[in-house]
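Below: the structure, in structure tokens.
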Amino acid sequence: MPYTPAPTPQPCPRCQGDTFRIPRNLLDRLISRFVLVHRYRCHSLRCGWEGRVRVSAPALRKASKSA
């Protein structure tokens, strides 16, 4: 799965920079059975943050309408 831009850009929780979505790992997929999460990585090489972000229901509706 190629990297995909976020439907609504998520700021990095460390540096408030831009992030991009990356493929989820097995743990992310298991967690998403209960609470939908996406995995993001910060564009800044100095920051290096990578983690999961919970997806809210309104964000899902907005993303599906724009697609």
Decide side chain to side chain contact (heavy atoms under 4.5 Å, CB included) for Cys42 and Arg14; before the verdict, give the C-alpha distance in whole Å, the side-chain angles of both, and the deciding distance to 0.1 Å. CA-CA 9 Å; Cys42 183; Arg14 280 192 193 161; over 6 Å; no

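- Rounding to the nearest 0.5 Å gives a distance of 12.5 Å between CZ of Arg39 and OG1 of Thr19.
- Through direct or indirect side-chain contacts shorter than 4.5 Å among Ile, Leu, Val, Met, Phe, Trp and Tyr, Val35 is connected to Phe34.
- Going from atom CZ of Arg54 over to atom CD1 of Ile31 covers 11.5 Å, rounded to the nearest 0.5 Å.
- Side-chain contact between Cys12 and Cys47: present, with at least one pair of heavy atoms (C-beta onward) separated by less than 4.5 Å.
- Of all non-hydrogen atoms in Val53 and Gln10, the two that sit nearest each other are CG1-OE1, 3.7 Å.
- You'll find the side chain of Cys15 stays beyond 4.5 Å of the side chain of Trp49, heavy atoms only.
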